Amino acid sequence: RVRPHQSMARAQMILAVALAVLAQLAGAVGVWTDAGSMPIISEQYTVTDHCVSTTQMIMVYASPSNGYPYTKEFTGGVWSTKGGAPLSVSAKAVSCAIDPATETIYYAYVSDGATPRFYMSYWTGSGWSTSTTSMDNIDSMKIVWNAADSTVYAIVGRDGTGSGKVILYKKVGSSWEMVGSSGAETNAISPLVSAVPGVYNNKPRVDFDSANNPWIAATVTSGGDQAMVRYFDGSSWDATSSIIASGYDSQVVVTSEDRVFHSCREDGQLYAVVRELVDGSWNAVGGTVTYGSGATTQETRLIAVGAVPVLVFGGSISPVIRAFALNLNSLTWVDLGGTGTSPRAMHSTAGHVEVAYDETSMHILFSGPALYPRWHYTVADCSSVGCDVSHSTCGLGDQCVCEAGWGGNTLCSAFSCDTPCDATHGVCTGPNTCSCDPGWTGDAVCSTFSCDVACDHGTCTGPEIG
């Protein structure tokens, strides 16, 4: 896999690896359907999250009546309460994650009060088992399951009143360890992070690359709202082009091809900009993604479904949710509801949106004056596209996603060299195979000269061509 730090040429060739074809956007995308009768609960919900696996769909929320954290699950076409409140505390933030191997549900929440504290529960099969932590003064948080470590990570925004930081924790046994620190908070991520209770678009986010290195995104408030990304290389946090843009709703995802994308809403604008990290620089892809003419958007969410980035909007004036997938061939955004349509018409006031996905479906949870969990999207159907199934998979938006060395055309039926062969001294003759001219076999892409017969008492200073 290609790391996001590598050369521009290598990163550009990853585009060829993920070459895609869409069925003319004319209804070839998947189908959105409701889960149960809508809305699920006709109350004002703003503290919500949800998580899915191939067998479970879970929704967590703080009750508007008493603030306690509750859970619902979708089984047999019906949403039902799962257990009671794990703890009788008013929650200002909630999040959940599922271990896909054991189907264990983890439920994290932050108490509301003078000293907000982080708690986590897990479902035992018959009830909630809850543990407290020493993590206090938490304003916002998100938990994720990391399959590489078989454990839960928690990214938190801590005490944004003057010494706020974004901190990443890893659950190790019954303890939580700070990532990138020996334990001293002064070594945690800085600068200050906006983490005002109720401002959900500043909730920090985390994703992992194939080497299991975490990437985090947050909105910093130094000098106005600014979108930030940090990367942990296994020993220290690297400010990889740390401040990306003036804006908020800062999010980062890493695709299955190790491509790193970031999105944020620009300050004062009604659109989102998605950028890709290439050779140390953040380059905008696909242009601005606009929610709709004359509309505003309450929140956006960026996820990666396999190789494909997906951006979801939650509306606050125009009453719709919209979802877009990036066509990796044309680098344009495709409306997953079909041109000019949306997954679901919603109430015309405030909206908080969360997105989750499993191996076959994407799920959206929208909350505002009522709770509307989810629309189901059949991720991909390439049956009419004609992908070479020997060398590709079907990606979101009905596009062929090619294996390494098979990006020679949009159907993945022609080989390619992901790192280009030197145009003067080599030619691509097979999947990731360059055939070099004599005297130019010094590297795999024929760009370095060589002496095919080793020099005796000397140094090779040029190509041996005769």
Side-chain angles (χ1 to χ4, degrees), residues 47-62 69-71 73 82-83 86-87 89 91-111 116-125 127-136 138-158 165-181 183 188-189 203-218 230 232 234 251-254 301 303-304 354-358 363 365:
V47 182
T48 60
D49 196 10
H50 75 304
C51 47
V52 298
S53 69
T54 55
T55 62
Q56 296 188 91
M57 188 186 311
I58 301 297
M59 174 175 61
V60 295
Y61 61 95
Y70 289 99
T71 306
E73 64 177 343
K82 193 174 185 68
L87 201 65
V89 297
K92 64 188 294 186
V94 296
S95 186
C96 66
I98 299 175
D99 174 358
T102 64
E103 293 294 334
T104 301
I105 305 166
Y106 294 89
Y107 187 2
Y109 39 97
V110 176
S111 62
R117 171 163 289 189
F118 178 95
Y119 298 88
M120 194 171 78
S121 305
Y122 71 92
W123 184 253
T124 64
W128 294 104
S129 176
T130 301
S131 60
T132 186
T133 71
S134 60
M135 291 185 269
D136 291 332
I138 305 298
D139 286 304
S140 58
M141 64 88 190
K142 177 77 172 176
I143 65 170
V144 298
W145 178 262
N146 185 334
D149 287 335
S150 296
T151 192
V152 176
Y153 281 74
I155 183 168
V156 304
R158 191 166 195 173
K165 297 179 184 296
V166 173
I167 306 173
L168 182 63
Y169 290 96
K170 173 183 177 181
K171 193 173 189 303
V172 181
S174 60
S175 303
W176 290 88
E177 294 182 358
M178 190 179 298
V179 176
S181 169
I189 304 166
K203 182 185 291 184
R205 299 282 164 161
V206 62
D207 204 359
F208 298 83
D209 61 27
S210 63
N212 203 32
N213 294 320
W215 295 73
I216 68 100
R230 300 293 296 274
F232 187 70
Q251 296 167 77
V252 65
V253 296
V254 185
R301 289 291 173 256
I303 64 173
E354 289 291 348
V355 183
Y357 59 93
D358 59 27
H363 310 260
L365 172 66

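Remember, predicted model here, so these are calculated numbers, not experimental data.
When all heavy atoms are compared, the tightest approach of Val254 to Asp207 is N-OD2, 2.8 Å. Across all non-hydrogen atoms, the minimal contact from Gly83 to Trp128 is CA-NE1, 4.2 Å. Between Lys92 and Ile138, the shortest heavy-atom contact is NZ-O, 3.7 Å. Between Val252 and Trp215, the shortest heavy-atom contact is CG1-O, 3.7 Å. Across all their heavy atoms, Pro86 and Thr130 have their closest contact at O-OG1, 3.4 Å. Summarising the geometry of Val144 relative to Ala97, their closest heavy-atom pair is C-CB, 4.0 Å, with the distance given to 0.1 Å.
In this structure, the ring-ring contact (aromatic ring centres under 6.0 Å, His included) partners of Trp145, at least two apart in sequence or on a different chain, are Tyr106. Among residues two or more places apart in sequence or in another chain, the side chain to side chain contact (heavy atoms under 4.5 Å, CB included) test is passed with Trp176 by Phe118, Met120, Thr133, Met135, Val152, Ala154, Tyr169, Lys171. With sequence neighbours excluded, the residues satisfying ring-ring contact (aromatic ring centres under 6.0 Å, His included) with Tyr153 are Phe208.
No donor-acceptor contact under 3.5 angstrom links the side chains of Glu73 and Gln56, judged on distance only.
Side-chain atoms of Ser111 come within 3.5 Å of backbone atoms of Arg117 as a donor-acceptor pair (strictly under, hydrogens ignored). The main-chain N or O of Thr151 is never found under 3.5 Å from a side-chain atom of Asp149 such that the two would form a donor-acceptor pair. With Thr104 contributing its side chain and Asp99 its backbone, the two residues share no donor-acceptor pair below 3.5 Å.
For the pair Lys82/Ile105, a side-chain contact is recorded, criterion being any heavy-atom separation below 4.5 Å from C-beta on. In this structure, the side chains of Lys142 and Val206 stay at 4.5 Å or more apart for every pair of heavy atoms.
In this structure, OG in Ser175 is found 12.5 Å from NZ in Lys170, a value given to the nearest 0.5 Å. Atoms CE and CG, from Met141 and Asp49 in turn, are 7.5 Å apart once rounded to the nearest 0.5 Å. The distance from the OH atom of Tyr61 to the OH atom of Tyr109 is 14.0 Å, given to the nearest 0.5 Å.
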Go through the steps for Thr71 and Tyr107 under the test side-chain contact (heavy atoms from CB on, under 4.5 Å), then give the verdict. CA-CA 9 Å; Thr71 306; Tyr107 187 2; 3.1 Å; yes

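No option in Pro116, Ser140, Pro69 other than Pro116 meets the side-chain contact (heavy atoms from CB on, under 4.5 Å) test with Val110.
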